[in-house]
Structure formats: structure tokens, C-alpha cells
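Indexing begins at 1, ligand by ligand and atom by atom, following the structure's order. Computed over heavy atoms, backbone and side chain alike; hydrogens, waters and symmetry mates excluded.
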Amino acid sequence: MSVLQTLQERSSNICELCTSNSELKQYTLPPSLNENVDNSLLVCGNCLSQIEEATDMDTNHWRCLNDSMWSEFVAVQIMAWRMLQRLRNEGWPKDLLDMMYLDDEALALARATGEHEDESSKIIHRDVNGVILEAGDSVVLIKDLKVKGSSIVAKQGTAVRNIRLDHENAEYIEGKVDSQQVVIITKFVKKL
Ligand SMILES: [Zn+2]
């Protein structure tokens, strides 16, 4: 029996996430390379297009996870976990996540696509105008800055090339002023 046939049989031919029976397809959890019954589930066209971000998320549709997260099949649990993570800013998905239990192996696979990463908590450095700064960029100082621990004043208009980012703090970058490595506050620079 093929993977698809097994999935059809175990689900009685309904979407394992929302129980719809339209456009059912086999979905293998990325980044799995080999499809098998344990890392695949049967999903409908509506679920699939949202999973693959071909259409916008319909938050109400995913209330179905309230039931499907309790599926006995780990692949279904993992997919439910991933979708709840994407929706967690809605509030209720976070409550469901708190109730979910995945063992270590399942959790590792669930996390493999990064759905749990919180975009807003990533450290992003921005200049005075909100432009994103990246390592290696050049910036110009928009005001005179005292260099900490020295008598140097870095003048407004000084270009600082090849900056480095402080990965702990979005407000700090580093760069060379007068051949001295200094820490600079991002709100006092403009990207060149
Ligand atoms: Zn569905």
C-alpha cells in the first residue's frame, strides 16, 4: 500500500487537520526527504494552500486545530503545532500550544522549519531613519559623539565603514573611528 493509500485509510478520506474532504493530498512535513506514513498527513486544498502560504491565513479556519492537535498521529500533531505557532499572536493558539505535548524527537522536527521563531524578538539594527543595518555596511554619524574611554570626539559627518553588529543589543554597532574600534549607538547614524 502506498503512503497516500495508508493516509487515506487511516483518515477515512478526510483532511486530517480540518476534516474537509475536498482536494485531498498527501503532505510530507518539510524538511523530510523521504516520505513515509509517519512524517506525512492527508490535507485538503484549503489547508494546503495556507500551509504553503499560497493564500492568506484564514484564522477562523484554523480553529479546527482545537481538535486535530489531539490526533494520535505525530505528523498531524506536528503540523498542528506549526500552524498554531504561525497564528500564536491571535492569543487562543498560544493557549492550545501550552496544552500540547510533543516528545523530544517530534519537537525537533516540528521546529525544523522555524515556525516557532518570533520575528519581533529577532535583533534587528536600524539607523535613525529605520533603515536596516547589516554587518559590513557603511554609516555616517549624524552628530558629534564622544568616544567612550578616550578623549576623541567623532565628528558629525564622519563615515564609519564596515560596521559590525552587536548581536545582543539592537542599539549598538561597532566600527572604526580614527583607527580605533568604537561602539556607536544606532540612532546616531545614517546608512550610506
Ligand atoms: Zn483541511
Go around the Zn ion (ligand 1) and count every protein N, O or S atom nearer than 2.8 Å.
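Counting protein N, O and S atoms closer than 2.8 Å to the Zn ion (ligand 1) gives 4.
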
Distance (rounded to the nearest 0.5 Å) between L84 CG and W62 CH2:
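It comes to 9.5 Å.
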
How would you list, by chain and number, every residue that makes a side-chain contact (heavy atoms from CB on, under 4.5 Å) with Q156, sequence neighbours excluded?
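Here the qualifying residues are D144.
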
Atom CD of residue position E105 - does it have more than 12 heavy atoms of other residues, nucleotides or ligands inside 6.0 Å?
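No - once you tally the heavy atoms of other residues, nucleotides and ligands closer than 6.0 Å, there are 12 at most.
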
Above 12 or not: heavy atoms from other molecules or residues under 6.0 Å from CG of D103?
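Yes, the 6.0 Å shell around CG holds more than 12 heavy atoms from other groups.
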
Look at D137 together with K191 and state whether they make a salt bridge at an N to O cut-off of under 4.0 Å.
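K191 and D137: salt-bridged.
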
Okay, side chain of H125, backbone of V131: is any donor-acceptor separation there less than 3.5 Å?
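It does not hold such a pair.
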
